Amino acid sequence: MRLLDLDRLAALVPAGATLAIPPDNSATCAAFARALVRQGMRDLRLIGVPVSGYATDLLIGAGCVAEVQSSAVSLDEAGPAPCFTRAVKAGTIRMLDATCPAMHAMLEAAAKGIPFIPIRGILGSDLLAHRPDWRVIDNPFAAGDPIVVLPALAPDFAAFHAATADREGNVWVGRHRELAVMAHAARRTLVTVERIVERSLIEDEQLAPGVITAAYVEAVAVAEQGARPSGLLDEYPDDAEHFLEYARLARSEEGFRAYLARHVLPPPAAAAE
Amino acid sequence: MRLLDLDRLAALVPAGATLAIPPDNSATCAAFARALVRQGMRDLRLIGVPVSGYATDLLIGAGCVAEVQSSAVSLDEAGPAPCFTRAVKAGTIRMLDATCPAMHAMLEAAAKGIPFIPIRGILGSDLLAHRPDWRVIDNPFAAGDPIVVLPALAPDFAAFHAATADREGNVWVGRHRELAVMAHAARRTLVTVERIVERSLIEDEQLAPGVITAAYVEAVAVAEQGARPSGLLDEYPDDAEHFLEYARLARSEEGFRAYLARHVLPPPAAAAE
Amino acid sequence: MSEVLPEERLIGAIARLILDPSRPRARHVAIGAASPIPSAAAYLAREITGDLRVSVLYKRRGNPFTDGTGELFDLAAQGRIDLFFLGGGEIDGAANINLIGIGEWPGRTARFPGSFGSAFMYLLVPRTILFRLEHSPRVLVRRVAHVSAPGTSPPGHFRRGHAEALVTGRAVFAFSPERARFTLVSVHPGESRESVRAATGFDYDIAEPLSETPAPPARELALLRGPVAAAMVPTYPAFAARLWPAAPIARSA
Amino acid sequence: MSEVLPEERLIGAIARLILDPSRPRARHVAIGAASPIPSAAAYLAREITGDLRVSVLYKRRGNPFTDGTGELFDLAAQGRIDLFFLGGGEIDGAANINLIGIGEWPGRTARFPGSFGSAFMYLLVPRTILFRLEHSPRVLVRRVAHVSAPGTSPPGHFRRGHAEALVTGRAVFAFSPERARFTLVSVHPGESRESVRAATGFDYDIAEPLSETPAPPARELALLRGPVAAAMVPTYPAFAARLWPAAPIARSA
């Protein structure tokens with residue numbers, strides 16, 4: 001495991017990479033997304049696991065994104081995702097619509113090393129017509145039973161925020177099992193954490209069930225409050241005001257620039273030095 | 001959730017049921033198996049997740065078992081499983097051989113509500129010829145790529161031992177995720193625990209990742225040291241001597257009867273009353 | 001007791017649908033994110049029967065999901081969820097729902113957030129209640145622009161159930177999957193068959209006699225303003241504070 | 001240093017196979033249950049390179065598996081395990097292994113425990129080392145009675161690798177998947193080409209010159225009796241105590 005600073009962690013992602021990220025209610029990598037914006041990321045292909053919000057909208061608004069694959073993009077109680085909505089209507093990003101359990105299943109297939117996985121439901125949805133990579137086959141165990149099969153999805157990168165990592169690179173994600181699936185499925189997993197702990201997280205039977213072991217973790221950076229404005233388990237709550245501020249500002253291009261200047265980009269003085 | 005005593009818990013399983021159990025190194029339901037023996041269980045169809053040991057051998061020796069589906073039956077360091085070995089050679093049980101990841105995958109398919117799941121490997125193994133319920137199909141996403149597909153396996157019952165349950169029926173199993181898969185896949189899950197705790201196990205973010213929630217749990221019984229002779233996480237270690245005693249006694253029918261009398265059946269005085 | 005709030009009437013109406021004795025009994029109701037009215041209805045149904053598991057996604061205290069955000073879907077696939085709620089940017093007269101958008105795919109004229117789990121849950125959960133507060137011709141359309149999840153399926157498609165009802169801010173409809181058609185069964189106070197007709201973009205039948213959506217009886221109202229309000233506080237503090245400013249301290253729920 | 005024990009020689013031989021520079025570098029070696037000699041070999045290889053992940057199943061301290069007993073297989077399927085060990089009740093000259101039994105299926109004459117993960121791991125892990133201490137005509141047979149996992153596969157079968165070697169209590173063989181045939185490369189002290197021939201039920205080639213399996217050099221022996229012995233204590237206390245009665249206190253490993 002490599003312990004890096006936040007900007008170096010973000011710099012591991014090349015332009016054009018596929019990057020799986022969690023939604024706002026599940027250890028979202030908000031600080032990491034802001035670091036990607038700062039380094040002028042281009043052509044990202046984001047994967048919402050299974051949906052996405054603030055981080056995706058921010059990256060789209062900052063021009064970092066070529067494609068989004070997700071079951072939804074929304075700011076939840078703060079309303080629609082403004083930059084996402086604008087970009088879809090303008091046709092400036094490619095949107096691959098999905099449904100939540102299909103996102104999970106495609107990643108689970110990659111995590112299990114199987115080339116495809118069947119899933120119930122979806123038949124009769126227009127999603128199918130727009131996902132030529134999703135097929136319908138006959139259930140090999142029952143005649144006259146059409147069933148959707150999905151290809152495995154192995155992202156180039158997975159990124160999320162967690163409470164703690166230890167010196168070996170074990171990461172405690174608590175009940176966010178979807179993060180384990182992301183890490184298992186992705187080729188390289190980048191993690192920001194609140195803090196590094198000195199003891200081993202896998203030696204403690206109470207902590208171990210919530211740990212993704214170092215075998216899956218490429219690099220870690222400390223980013224205190226790195227999920228903000230999202231909350232993190234019992235560490236800190238959502239910052240509902242910040243979500244509302246973002247939703248309000250991002251409604252216009254100009255407002256979005258103001259948000260970036262206020263919360264994402266380095267202060268002009270520092271930038272001028 | 002129903003809180004029962006151990007014998008009432010075991011009495012929920014009817015003769016002929018399929019029953020998934022963990023191996024000796026994973027929260028094995030040893031006390032539960034002994035209770036099944038005491039009540040004269042018949043025709044059980046055991047499912048080793050993914051292998052099994054003491055509990056399976058004991059139940060076979062006591063004449064409770066019609067069929068075993070497992071990737072292996074063994075007493076690990078204490079050697080081969082004597083009653084199992086005898087029964088296979090005598091043809092008195094039906095043995096469905098499998099391989100570990102296939103056992104996991106069939107249960108995961110049931111847990112995901114999909115009728116089948118593909119799996120790599122296995123091609124070229126004689127297991128295939130003896131598992132007509134396992135098929136080989138062409139990968140629908142790539143020509144000339146044969147792949148094994150397995151049917152979902154939804155046991156009538158899953159039974160295992162765990163450290164704690166709360167009053168709502170949430171059960172903490174720690175890092176034994178295979179127990180969660182068993183519980184998700186099975187129609188009814190029966191759990192023995194060391195103790196009932198008064199606080200809610202899902203309110204504590206540190207415990208929650210190791211919890212199977214009450215939605216999957218049919219009934220719970222307290223059975224202190226209920227995994228013995230197996231160990232349980234950091235609660236107590238294996239009892240290697242007991243395994244060796246069992247392995248030695250079970251080598252003969254007579255010895256096995258002596259083991260039952262010593263460790264499983266009620267004392268003759270009590271039985272005579 | 002003070003006057004029944006419109007939200008309380010909706011909550012009571014949905015609780016009655018959950019407990020509809022002509023339907024298979026629901027033992028486990030799941031509620032998606034950001035759904036205060038369905039959540040309150042499920043809690044009320046639980047208080048009435050004393051025997052109903054209610055799993056609210058992203059519940060802030062006593063979150064019943066410990067296996068990640070995929071667990072809800074696995075539970076549904078296993079047949080462990082009996083009843084679920086869905087909404088839609090558009091809902092049409094055949095109970096198709098559209099959470100994608102309007103205009104050229106994937107929503108070049110108007111874009112909704114996305115389909116979430118609808119394409120799965122609608123087919124896997126035996127009982128669905130459609131809920132959308134906004135009742136207008138732009139939401140309740142003759143034919144959705146895009147189908148996130150189909151209201152009915154041809155024979156041979158694996159499907160466990162359909163929408164049973166559609167509850168809006170104006171009325172309650174029942175749905176017949178055989179006829180792929182809604183029937184207006186009650187209108188909320190202040191609405192009429194004409195006002196609902198004008199606000200609805202699809203054709204439907206009308207139950208005779210058409211009734212007014214009843215207020216919850218006093219006993220249910222007491223449950224609603226007592227234990228249900230308390231259960232709502234941790235996950236929906238703003239909603240609970242607005243409806244029930246005197247709501248008791250939250251209990252574990 | 002005291003005399004090299006037979007087990008130490010085996011451990012050294014297996015460590016050299018793990019580190020074979022002509023093979024793709026192993027970054028992650030996994031070891032199944034109850035395998036003290038392969039475990040020690042992997043720990044020794046880790047001490048030599050300083051950069052090797054060793055995951056021992058059912059390790060009693062610092063167990064690296066937190067996702068259940070299926071995690072090993074998922075790791076392998078993901079391509080995250082580079083090298084694994086397999087044994088067999090029978091192993092034949094084409095590297096087929098039999099963990100089922102002998103006689104009519106499923107082992108009416110002799111029954112072995114079962115196939116465990118072999119039918120999967122043999123095809124999914126790029127590098128396999130076969131290890132079986134007993135080297136006798138009943139274990140090393142011309143043709144296994146039943147194939148738990150095949151030594152080679154026809155073109156078109158998804159397979160990432162094959163056995164590279166077979167290490168027994170008497171000798172070390174290399175395996176050629178192209179020829180589906182073993183070559184005897186070294187014999188342990190006290191063995192000869194004749195004694196190995198007599199103890200082996202299958203045909204094989206013989207490397208010329210045939211060497212004696214070398215003892216680990218002094219530096220490796222020091223690592224083996226120091227940090228490796230310490231790492232072995234928690235999971236294999238009896239084995240460690242027998243080989244290295246003065247083994248240092250276990251460190252976290």
Side-chain angles (χ1 to χ4, degrees), chain A residues 22-23 25-26 48-51 70-77 80-81 84-91 94-105 107-108 119-130 139 144-147 174-181 209 231 237-238 240, chain C residues 32-34 57-58 60-61 63 65-74 76-77 96-125 144-160 236-238:
Chain A
N25 47 40
S26 168
V49 181
V51 301
S70 188
S71 304
V73 182
S74 126
L75 298 177
D76 295 337
E77 278 150 72
F84 163 75
T85 307
R86 262 199 308 279
V88 169
K89 290 166 74 174
R94 180 164 178 243
M95 179 65 196
L96 276 86
D97 273 288
T99 182
C100 299
M103 294 303 305
H104 290 301
L107 292 165
E108 283 160 356
I119 187 171
R120 286 295 190 191
I122 306 180
L123 295 171
S125 166
D126 286 346
L127 290 173
L128 266 182
H130 297 273
N139 175 357
D145 179 20
I147 186 165
R175 64 166 92 202
H176 288 306
R177 185 177 162 73
E178 66 278 9
L179 306 182
V181 176
D238 285 358
Chain C
L57 210 57
Y58 309 129
R60 293 199 186 138
R61 202 173 303 161
N63 179 344
F65 298 102
T66 61
D67 200 40
T69 52
E71 185 172 13
L72 169 67
F73 307 105
D74 289 348
N96 298 301
I97 66 178
N98 173 13
L99 288 153
I100 296 283
I102 297 172
E104 189 188 333
W105 187 278
R108 296 294 296 271
T109 304
R111 172 69 203 193
F112 306 142
S115 302
F116 292 98
S118 62
F120 183 81
M121 298 297 273
Y122 212 6
L123 279 68
L124 273 284
V125 175
V144 293
H146 304 292
V147 177
S148 284
T152 59
S153 302
H157 279 198
F158 182 93
R159 180 161 200 158
R160 293 203 180 115
Y236 297 108

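Only heavy atoms go into these numbers, but all of them, side chains included; no hydrogens, no water, no symmetry mates. A, B, ... follow the sequence lines: proteins, then strands. Residue 1 opens every chain. Predicted model, so just to flag it, every value in this text is computed and none were measured.
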Which atoms of [X] come close to chain C, meaning under 4.5 Å heavy atom to heavy atom: side chain ones, backbone ones, both, or neither?
| X | answer |
| --- | --- |
| Ala180(A) | neither |
| Ile147(A) | neither |
| Ala98(A) | backbone |

Q.
Below 4.5 Å, heavy-atom pairs only: which of Thr109(C), Leu72(C), Thr152(C), Ile97(C) has the largest tally toward chain A?
A. Thr109(C)
Q: Just give me the residue among Val88(A), Thr85(A), Val73(A) that pairs up with chain C most often, heavy atom to heavy atom, under 4.5 Å.
A: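 Most heavy-atom pairs within the cutoff with chain C belong to Val88(A).
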Nearest atoms (heavy-atom pairs only) where [X] meets [Y]:
| X | Y | result |
| --- | --- | --- |
| Thr69(C) | His104(A) | OG1-CE1, 3.1 Å |
| Gly117(C) | Pro101(A) | CA-CD, 4.1 Å |
| Arg120(A) | Phe120(C) | O-CD1, 3.3 Å |
| Phe84(A) | Pro113(C) | CE2-O, 4.0 Å |

Q: Would you please name every residue forming a salt bridge (Lys or Arg N to Asp or Glu O under 4.0 Å) with Asp97(A), sequence neighbours left out?
A: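 In terms of salt bridge (Lys or Arg N to Asp or Glu O under 4.0 Å), with neighbours along the sequence ignored, Asp97(A) is linked to Arg111(C).
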Q: State whether the side chain of Ser125(A) and the backbone N or O of Ser148(C) hold a donor-acceptor pair below 3.5 Å, judged by distance alone.
A: yes
**Q.** chain A contact via Leu99(C) - side chain, backbone, both or neither, heavy atoms under 4.5 Å
**A.**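 Contact with chain A: none, neither part.
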Q. Considering only heavy atoms, which portion of Asn98(C) lies under 4.5 Å from any heavy atom of chain A: side chain, backbone, both, or neither?
A. neither
Q. With sequence neighbours left out, what residues match Arg159(C) under side chain to side chain contact (heavy atoms under 4.5 Å, CB included)?
A. Tyr122(C), Leu123(C), Pro150(C), Ser153(C), His162(C)
